[in-house]
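Below is one structure, written out as structure tokens; comments come after it.
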Amino acid sequence: MTSGAKLTQCRRDPFYRTNVVKNYCGPEELVTLLTPELRFPCSKFSHLLFKCSTDCPPMPAADVNTTWTLAIRAAADQGHPRRAVALYLSSLRSACRPCPFALAAVLKSVSRLFAAHPLLSAAAGSLHAHLLRLGLLAHPYPRAALTHLYARLPDTSHAHSLLDETPPRPVWGRAQAHSLLVSRNSLLASLLRSGDLAAARSLFDCMPVRDVVSWNSMVAGLAKAGHLDEAIELFDRMPERNAASWNALMCGYIAQGNLSKARELFEQMPVRSNVSWITMISGYTKSGDVHAAGELFERIENKKDLYAWNAMVSCYTKNGCAREALAVFNRMLKPHVWVMPNEKTFSSVISACSQLGDLRFGLWAESFMGSVGIALDDHLRTALVDLHTKSGRMDRAFDLFRGLGMRDVVSYSAMIVGCGMNGMFNEAVNLFKEMSDAKIDPNAVTFVGLLSAYSNAGLMEEARACFSSMSVKYKISPSMEHYTIMVDLLGRSGKLNEAYQLIVQMPMKPDASVWGALLLACRLHNDVELGEIAGYKCFELEPGESGYYILLGNIYVEANEWDKVKRLRNIMAEKGLNKMPGSSWVQAA
DNA sequence: CTAGGGTTAG
């Protein structure tokens with residue numbers, strides 16, 4: 001196309017008169033805008049991958065454009081959006097004539113790269129102008145892709161205009177009709193994602209043509225928003241169903257916590273996709289049914305993909321089965337299985353390591369990530385912060401924390417808990433202040449960190465004030481863990497009765513950790529009466545644990561209650577509990 | 001050839 005023709009087409013476009021055209025950027029500006037987002041993780045491995053895809057064998061000149069297009073689309077389809085965009089930028093530098101199909105792939109990649117990124121809007125605007133200038137905005141594929149990009153913005157008005165301004169007399173025939181359907185589906189999905197059910201409904205109702213995707217989006221949106229009846233009604237009316245339709249309904253039941261109904265659907269659906277298995281497994285993950293999840297995982301029919309492995313690793317991690325999580329991780333790395341883990345896998349793996357306090361494996365995982373070129377995202381950084389604080393490496397934890405792109409409740413809490421644990425009381429309080437200044441609301445975990453910081457510093461009044469402000473000011477009801485910290489602090493400071501009163505008025509049934517904290521305090525201050533109460537509660541709650549017997553026994557010994565010592569020893573013998581090393585009182589009796 | 005259903009951190 002000559003530049004004159006380009007300009008004419010450009011002027012004919014309704015967007016020419018809008019300020020979109022002011023955003024125009026030529027190849028160089030486009031490169032500048034997109035490049036910071038394209039940085040490859042510094043590693044030989046990814047560099048190699050990048051090289052492989054650019055080092056094409058020599059081609060006849062006429063085929064060069066096609067080759068670029070194929071390479072760009074292949075990268076986008078195989079889930080390498082960075083590589084796709086980088087390839088496109090390279091093709092511009094080598095004066096390749098942009099092909100609409102390549103641009104559609106680039107737009108798709110950009111929307112994946114910039115999802116929820118503050119620059120998404122700028123990127124969309126520039127690419128819009130870019131398309132306009134190339135005269136490709138009217139082409140159905142890039143146009144639909146751009147609509148998709150705009151639909152992902154909080155403000156969907158640009159997406160709407162693109163749809164509305166579509167020339168009524170199709171230049172592109174069937175492709176354009178299909179493109180319109182796809183664009184509407186994009187917009188529909190975005191409206192549902194942002195929870196605007198009414199707008200989604202009205203779009204859906206006035207769509208001239210609907211396909212499975214439109215119906216599925218609607219069913220999924222309604223089901224997730226809790227309108228299960230409406231979702232089922234639509235599901236029944238669907239002219240055609242696929243696995244995704246069933247998955248959408250399953251999701252709805254899982255969101256309501258109705259696992260049995262979800263499982264029923266799962267078993268009766270005609271064809272199960274990978275997603276169906278993973279949806280069900282993640283449902284069991286949330287409900288804490290590790291066993292059912294594991295069984296399903298083993299039953300997966302086709303090859304388990306990365307999503308499946310990640311779902312299983314995270315299932316074990318989230319439910320406190322760290323050993324099992326690492327076992328599953330090891331399985332996926334076995335040569336005959338070999339699924340390449342990604343940052344999501346490592347987030348769970350690192351978290352499992354810190355649950356176990358296994359710094360060595362955690363550090364191995366960290367270096368492994370470095371060597372295969374997995375960049376640290378905020379989730380991973382937060383998991384690593386947790387690992388390092390639990391191993392007492394606070395300087396490294398602070399480095400990781402300061403390197404976060406965005407700090408949120410989770411990362412602040414991880415840091416505050418770490419400071420609390422490592423006796424860095426001042427830092428914990430400062431972080432809490434910093435967090436409040438940043439208008440980030442604390443949650444239950446934040447207060448675990450703060451309270452343990454006060455507790456470690458022995459600051460009784462501050463802890464009390466914090467404990468009460470947590471429910472009064474922040475509307476967070478204290479959990480078992482908060483009570484345990486308070487009982488421990490009160491008890492260690494000798495306020496045994498107050499600690500006991502706190503336990504008695506707890507809204508939930510105190511567990512062994514709470515009574516154990518009191519028992520420990522009683523041992524410290526040699527209180528036989530309360531120690532007995534706490535001890536017997538512990539025996540009841542954790543019958544197999546001999547440590548509680550030894551604690552209470554030592555309290556008896558200190559008070560010269562030898563009859564009671566003897567009785568305790570008999571109970572232990574009856575239950576077949578072994579004497580622990582250091583349980584000298586048993587011998588003394 | 002684009003659009004929908006799934007996996008991540010305290």
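First the proteins, then the strands, lettered A, B, ... as listed; each starts at 1. No experiment lies behind these values; they were computed from the predicted model shown.
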Open item on the list: Does the structure show Y141(A) stacking with dC1(B), if we require the centres to be closer than 5.5 Å and the planes to be within less than 30 degrees of parallel?
Closed with: no
TODO: For V417(A), report the nucleic acid contact type (base, sugar-phosphate, nothing); a contact means any heavy atom under 4.0 Å.
DONE: nothing
Open item on the list: What's the closest nucleotide to the side chain of H379(A) if the choices are dA3(B), dA9(B), dG4(B)?
Closed with: dA9(B)
TODO: Have a look at D386(A) and say if it touches a base, only the backbone sugar-phosphate, or nothing, with a 4.0 Å heavy-atom cut-off.
DONE: sugar-phosphate
Task: Sugar-phosphate only, base, or nothing, as touched by S354(A) at under 4.0 Å among non-hydrogen atoms - done: nothing
Open item on the list: Quick check for you: among dA3(B), dG10(B), dG5(B), whose closest atom lies nearest to any side-chain atom of N443(A)?
Closed with: dG10(B)
- [ ] Take the protein atom CG of L149(A) and the nucleotide atom C1' of dA3(B), then report the distance between them rounded to whole Å.
- [x] 14 Å
Open item on the list: Under 4.0 Å, heavy atom to any atom of DNA chain B: which of residues 389-411 of chain A qualify?
Closed with: K390(A), D408(A), V410(A)
Open item on the list: Output the rounded distance in Å from CG (N274(A)) to P (dG6(B)).
Closed with: 13 Å
Open item on the list: Tell me the interatomic distance from Q176(A), atom CD, to dA3(B), atom C1', rounded to whole angstroms.
Closed with: 17 Å
Open item on the list: At 4.0 Å (heavy atoms only), tell me whether D77(A) reaches a base, stays on the sugar-phosphate, or touches nothing.
Closed with: nothing
Task: A244(A), nearest nucleotide to its side chain (from dG4(B), dA3(B), dC1(B)) - done: dG4(B)
- [ ] Assign the ring pair F368(A) / F346(A) to parallel, tilted or perpendicular, where the plane angle (0 to 90°) is split at 30° and 60°.
- [x] tilted
TODO: State, to 0.1 Å, how close P140(A) and S179(A) come at their nearest heavy-atom pair, and which atoms those are.
DONE: O-OG, 3.0 Å
- [ ] Anything under 30° is parallel, anything over 60° is perpendicular, the rest tilted; go ahead and classify F101(A) against Y141(A).
- [x] tilted
Task: base_contact_polar (dG4(B) base, S217(A) side chain, donor-acceptor, <3.5 Å) - done: no
Open item on the list: Students often get this wrong, so: under 4.0 angstrom with heavy atoms, is A105(A) touching a base, only sugar-phosphate, or nothing?
Closed with: nothing
TODO: Consider the side chain of S347(A), meaning its heavy atoms from C-beta on, and name the nucleotide among dG4(B), dA9(B), dG5(B) that approaches it most closely.
DONE: dA9(B)
Open item on the list: Please report the distance, rounded to the nearest Å, between CE in M250(A) and P in dG5(B).
Closed with: 14 Å
Open item on the list: Whether K224(A) contacts dG6(B) is assessed here as follows: a side-chain N or O lying under 4.0 Å from the phosphate OP1 or OP2. Is that the case?
Closed with: yes
Open item on the list: Rounded to whole Å, please give me the gap between OH in Y307(A) and P in dG4(B).
Closed with: 12 Å
- [ ] Go through dC1(B), dG5(B), dT8(B) for me and flag the one nearest to the F101(A) side chain.
- [x] dC1(B)
Task: Sugar-phosphate, base or nothing in reach of R73(A), heavy atoms under 4.0 Å - done: base
TODO: Ignoring backbone atoms, test whether S282(A) places a side-chain nitrogen or oxygen under 4.0 Å from the OP1 or OP2 oxygen of dT7(B).
DONE: yes
Open item on the list: Please find the pair of heavy atoms, one from S217(A) and one from L188(A), that lie closest to each other, and give the distance.
Closed with: CB-CD2, 4.2 Å
TODO: Report yes if a side-chain nitrogen or oxygen of K318(A) is closer than 4.0 Å to either non-bridging phosphate oxygen (OP1 or OP2) of dT7(B); otherwise report no.
DONE: no
TODO: Report yes if a side-chain nitrogen or oxygen of S351(A) is closer than 4.0 Å to either non-bridging phosphate oxygen (OP1 or OP2) of dG10(B); otherwise report no.
DONE: yes
Open item on the list: Without decimals, in angstroms, what is the distance between F204(A) CZ and dG4(B) P?
Closed with: 16 Å
- [ ] Let me know the distance between CG of D211(A) and P of dA3(B), rounded to the nearest Å.
- [x] 13 Å
TODO: Measure from the side-chain heavy atoms of T382(A) and tell me the nearest of dG6(B), dA9(B), dT8(B).
DONE: dA9(B)
- [ ] Begin from the C-alpha positions of D437(A) and K433(A) and carry the test salt bridge (Lys or Arg N to Asp or Glu O under 4.0 Å) through to its verdict.
- [x] CA-CA 6 Å; D437(A) 290 344; K433(A) 282 211 191 83; over 6 Å; no
Task: Length of the CE-C1' vector between M238(A) and dG5(B), whole Å - done: 11 Å
Task: Nearest atoms (heavy-atom pairs only) where G405(A) meets D378(A) - done: N-OD1, 3.1 Å
Task: L222(A) versus A231(A), closest heavy-atom pair with distance - done: CB-CB, 4.0 Å
Task: Nucleotide nearest K344(A) (side chain, heavy atoms from C-beta), chosen from dG4(B), dT8(B), dC1(B) - done: dT8(B)
Task: Minimum-distance nucleotide to A243(A) side chain [options: dG10(B), dG5(B), dA3(B)] - done: dG5(B)
Open item on the list: Please determine whether side chain to side chain contact (heavy atoms under 4.5 Å, CB included) holds for the pair V409(A) and D441(A), giving the CA-CA distance in whole Å, both sets of side-chain angles, and the decisive distance to 0.1 Å.
Closed with: CA-CA 7 Å; V409(A) 220; D441(A) 288 331; over 6 Å; no
Open item on the list: Quick check for you: among dG4(B), dA3(B), dT2(B), whose closest atom lies nearest to any side-chain atom of R152(A)?
Closed with: dG4(B)
TODO: Measure from the side-chain heavy atoms of V213(A) and tell me the nearest of dG10(B), dG6(B), dA3(B).
DONE: dA3(B)
Task: Atom of C466(A), atom of F447(A) and distance for their closest heavy-atom approach - done: SG-CD2, 3.7 Å
Open item on the list: Can you confirm whether W246(A) sits close enough to S273(A) that some side-chain heavy atom of one is under 4.5 Å from a side-chain heavy atom of the other?
Closed with: no
Task: Pairing of K390(A) and D386(A) as salt bridge, 4.0 angstrom limit - done: yes
- [ ] Quick one: label A104(A) by what it contacts on the DNA or RNA (base, sugar-phosphate, nothing), any heavy atom closer than 4.0 Å.
- [x] nothing
TODO: Give, ordered by number, those residues of residues 261-272 of chain A having at least one heavy-atom distance below 4.0 Å to an atom of DNA chain B; if nothing qualifies, reply none.
DONE: none
Task: Nearest heavy-atom neighbours spanning R210(A) and L181(A) - done: CA-CD1, 4.2 Å
